[in-house]
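Here the structure is laid out as structure tokens; the discussion comes afterwards.
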Protein chains: 2
Amino acid sequence: MLVSEPELRTFTQNIFLAMGCSEAHAVLAADVLLKSDLRGIDSHGVARLSGYIRLWEKQRINPTPDIKIVHETATTATVDADAGLGLVVAPFAMRVAIEKAKAYGSGWVSVRNSNHFGIAGYHALMAVEQDMIGFAMTNASPLVAPTFSNERLLGTNPMCYAFPAGKYPPVIVDMATSAAANGKLEIAQRSGKQVPEGWIQNQQGQFTTDPHALKSGGSLLPLGSDHEHGSHKGFGLSATVDILSGVLSGANYGPWVPPFVSFLEPPMNPPGKGIGHFLGAMRVDGFRPADEFKADMDNWIQRFKSASTVDPTQHVIIPGEPELEAELDRMQNGIPLVDAVAKDLNELAVKLGVKTLQ
Amino acid sequence: MLVSEPELRTFTQNIFLAMGCSEAHAVLAADVLLKSDLRGIDSHGVARLSGYIRLWEKQRINPTPDIKIVHETATTATVDADAGLGLVVAPFAMRVAIEKAKAYGSGWVSVRNSNHFGIAGYHALMAVEQDMIGFAMTNASPLVAPTFSNERLLGTNPMCYAFPAGKYPPVIVDMATSAAANGKLEIAQRSGKQVPEGWIQNQQGQFTTDPHALKSGGSLLPLGSDHEHGSHKGFGLSATVDILSGVLSGANYGPWVPPFVSFLEPPMNPPGKGIGHFLGAMRVDGFRPADEFKADMDNWIQRFKSASTVDPTQHVIIPGEPELEAELDRMQNGIPLVDAVAKDLNELAVKLGVKTLQ
């Protein structure tokens with residue numbers, strides 16, 4: 001099913017309104033989800049809507065949160081999200097970071113008591129639009145085992161760094177710190193395909209190519225896959241995200257991060273509140289004139305784009321380039337939804353009394 | 001050869017004094033190098049001394065630099081290192097970051113016109129000692145090819161994140177963004193061993209286990225090793241380090257970063273000055289009371305240390321743990337130097353009129 005951007009946007013806003021969100025929150029939450037679908041990251045877009053609704057039904061998402069700063073200095077702050085949608089909380093936190101950066105050069109905000117925040121890139125790009133460098137990360141429900149362990153103690157904990165450029169689009173490094181993101185696993189599960197060795201281990205800690213291995217005690221592997229290839233580095237990056245997002249804010253961390261799925265209950269005796277994010281913004285002109293920086297960014301991009309390649313048909317991909325190509329294409333030609341997602345969304349619409357997708 | 005910490009420290013200070021460094025700079029530079037040898041990162045310690053001397057002889061290292069802030073806001077600054085030793089410039093920049101953080105919550109300093117800065121962990125730990133979170137990264141001479149390329153366009157570009165804890169030692173994530181650091185390659189080269197597939201590619205872009213492949217047009221691979229296992233993520237991290245260290249400061253970046261070895265000339269028409277670093281500090285109590293944060297860090301560390309493991313004899317390693325164990329051991333029992341390094345250092349001492357190691 002191919003849905004136009006305006007239709008899918010209105011549909012998504014209506015779902016959030018039916019959940020009880022304010023008009024402003026519904027518009028913002030839909031904007032974050034649509035950005036993900038537009039950019040080709042289908043696992044983080046409207047496919048998540050029914051999961052959000054189920055968490056709301058269990059009162060684990062608060063549609064009318066009182067989001068507030070609970071601690072701050074000139075350039076740092078902690079935000080309590082009051083169990084709101086991460087989709088609206090993270091942009092709130094990034095706006096705080098940007099205002100601090102305007103006044104003092106940089107701004108850094110940790111968030112606790114939140115939920116899934118969509119794609120990190122959306123939030124980091126808010127800084128880029130102000131000629132700032134954007135940082136966004138979040139912890140997530142535990143699926144990944146640290147090096148040498150067979151226990152799921154970390155989420156796919158993404159980190160995003162975004163840099164403005166001049167004539168070229170911004171460079172956006174937006175990546176799960178696991179060898180493969182969960183979305184890639186879901187694609188393999190749906191299509192009945194095996195996954196490459198190095199993405200998953202079974203409960204005994206052996207590589208497996210079975211995409212369903214997580215159901216029988218398996219776990220995702222950190223970036224690097226095994227110790228010999230640097231999985232301790234992937235673990236270290238994931239730990240960094242967990243500490244900046246969870247420990248620094250007073251959210252949960254490690255195995256205590258609450259699950260994104262409603263059929264799993266949050267762990268008993270959690271050390272913190274909800275899940276955590278970390279957002280940051282630094283003014284480029286806090287370091288050098290923005291036009292000089294952008295000229296050098298263009299030179300950097302141009303040099304890497306023109307690098308000699310192993311396969312002459314496969315050029316070096318600048319981080320953020322494929323997502324932008326998808327966005328331009330889907331804005332014009334519509335957003336493809338796989339049948340299962342389209343069916344799921346329309347069942348949701350009927351249940352909530354919202355106009356279905358045509 | 002086993003050398004005591006005080007003897008190696010005095011020796012190293014004397015070498016820097018012979019180079020023309022001030023007393024204060026010689027003491028500081030030796031402290032940074034010794035920290036590396038103590039922590040078991042032999043590739044970044046005194047083994048580098050003769051390389052520094054050769055760069056000084058070629059006037060590529062300035063022993064009496066006029067290190068200064070050339071641009072700043074309340075919480076950001078750019079430092080021009082005047083071609084000084086990175087070993088003294090990076091601590092200068094981190095002190096600037098820490099002072100800004102004391103006043104405003106956070107501080108961020110990019111550095112241009114610098115040289116090799118030793119281990120990133122040394123600089124990040126300066127922040128940790130002030131109950132701050134420390135960030136340190138640097139770009140480096142090009143050895144790593146981006147995903148799909150066979151051209152060496154990036155250094156092993158390390159990033160370091162360091163977090164204070166309570167009863168446990170700090171968590172220090174200090175990692176090259178390549179699959180394997182160059183030091184590991186050098187060990188294989190010296191011992192005549194092959195390296196695992198996934199560390200290096202030959203000029204044709206195929207995995208090779210030959211540790212000498214870099215001499216015949218090969219390149220190191222980003223963390224993740226190949227596209228299927230996320231090497232685009234390692235490339236993205238390396239790009240992040242290159243942009244924050246090189247592009248943001250006005251240093252060189254990508255293939256223009258000058259080589260660390262004196263027998264290779266710096267590239268023609270460089271876009272910037274020297275190599276670049278990026279240092280940062282954030283006050284923990286800018287987000288929540290430091291004692292609460294540290295108690296949760298202890299809980300985090302304890303949980304990960306006690307994770308169930310695949311091999312019962314191999315527990316989960318907390319980032320920074322092995323380096324601290326080495327430091328405690330070597331402080332007490334001395335620092336082992338391989339014969340080639342000991343011989344090299346004593347030849348250097350004779351040449352510079354410095355007391356040799358016994």
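Within every chain, numbering begins at 1; the chains are lettered A, B, ... in the order of the sequence lines, protein sequences first and strands thereafter.
When the candidates B/Ala101, B/Ala145, B/Pro196 are compared by the number of heavy-atom contacts under 4.5 Å with chain A, B/Pro196 comes out ahead. Between chain A and the options B/Thr147, B/Asn150, B/Leu154, B/Val70, heavy-atom pairs under 4.5 Å are most frequent for B/Asn150. The choice from B/Ala103, B/Gly205, B/Ser106 that makes the most heavy-atom pairs within less than 4.5 Å of chain A is B/Ser106. With respect to chain B, the highest number of heavy-atom pairs below 4.5 Å among A/Val171, A/Thr78, A/Thr240, A/Leu237 belongs to A/Thr240. Between chain B and the options A/Leu153, A/Asp311, A/Asp242, heavy-atom pairs under 4.5 Å are most frequent for A/Leu153. Residue with the most contacts toward chain A among B/Arg288, B/His229, B/Met175, B/Glu197: B/Arg288 (heavy-atom pairs, distance under 4.5 Å). For the set B/Ser249, B/Gly224, B/Gly107, B/Pro146, the entry with the most heavy-atom pairs within less than 4.5 Å of chain A is B/Pro146. The most heavy-atom pairs under 4.5 Å with chain B, out of A/Leu244, A/Asp174, A/Ile172, come from A/Leu244. Among A/Asp296, A/Val109, A/Thr177, the residue making the largest number of heavy-atom pairs under 4.5 Å with chain B is A/Asp296. Taking chain B as the reference chain and counting heavy-atom pairs below 4.5 Å, the highest number among A/Gly105, A/Gly236, A/Gly286, A/Ala74 is found for A/Gly286. Of the listed residues (B/Val284, B/Thr73, B/Val310, B/Ile317), the greatest number of heavy-atom pairs within a distance under 4.5 Å of chain A belongs to B/Val310.
Ion pair B/Glu151/A/Arg303 flagged as a salt bridge, since at least one NZ, NE, NH1 or NH2 atom sits closer than 4.0 Å to an Asp/Glu carboxylate oxygen.
Ring geometry for B/Trp300 against B/Phe304 counts as parallel: the plane angle stays under 30°, on a 0 to 90° scale with 60° as the upper cut.
Heavy atoms of B/Pro255 lying under 4.5 Å from chain A belong exclusively to its side chain. If you measure heavy-atom distances from A/Glu72 to chain B, the contacts under 4.5 Å come from the backbone alone. At a 4.5 Å heavy-atom cutoff, the contact between A/Ala181 and chain B is made by backbone atoms alone. B/Phe293 touches chain A through backbone and side chain together, each having a heavy atom under 4.5 Å away. At a 4.5 Å heavy-atom cutoff, the contact between A/Ile133 and chain B is made by side-chain atoms alone. Heavy-atom distances place the backbone of A/Ala180, and not its side chain, under 4.5 Å from chain B. A/Gln204 touches chain B through its backbone: at least one of N, CA, C or O sits under 4.5 Å from a heavy atom, while the side chain does not. Of the atoms belonging to A/Phe287, heavy atoms from both backbone and side chain fall under 4.5 Å from chain B. Proximity to chain B (any heavy atom under 4.5 Å) is restricted, for A/Tyr161, to the side chain, taken from C-beta onward.
No close placement of the B/His315 and A/Phe148 rings is indicated, their centers lying 6.0 Å or farther apart. Between B/Phe135 and B/Trp108, the ring centre distance stays below 6.0 Å.
Side-chain polar atoms of A/Gln314 and A/Thr309 form no donor-acceptor pair below 3.5 angstrom.
The side-chain heavy atoms of B/Leu185 and B/Leu220, taken from C-beta on, include a pair separated by under 4.5 Å.
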Original post:
Please walk me through it: do A/Asn139 and A/Ser245 pass side chain to side chain donor-acceptor pair (under 3.5 Å)?
Top reply: CA-CA 6 Å; A/Asn139 64 10; A/Ser245 304; 5.5 Å; no

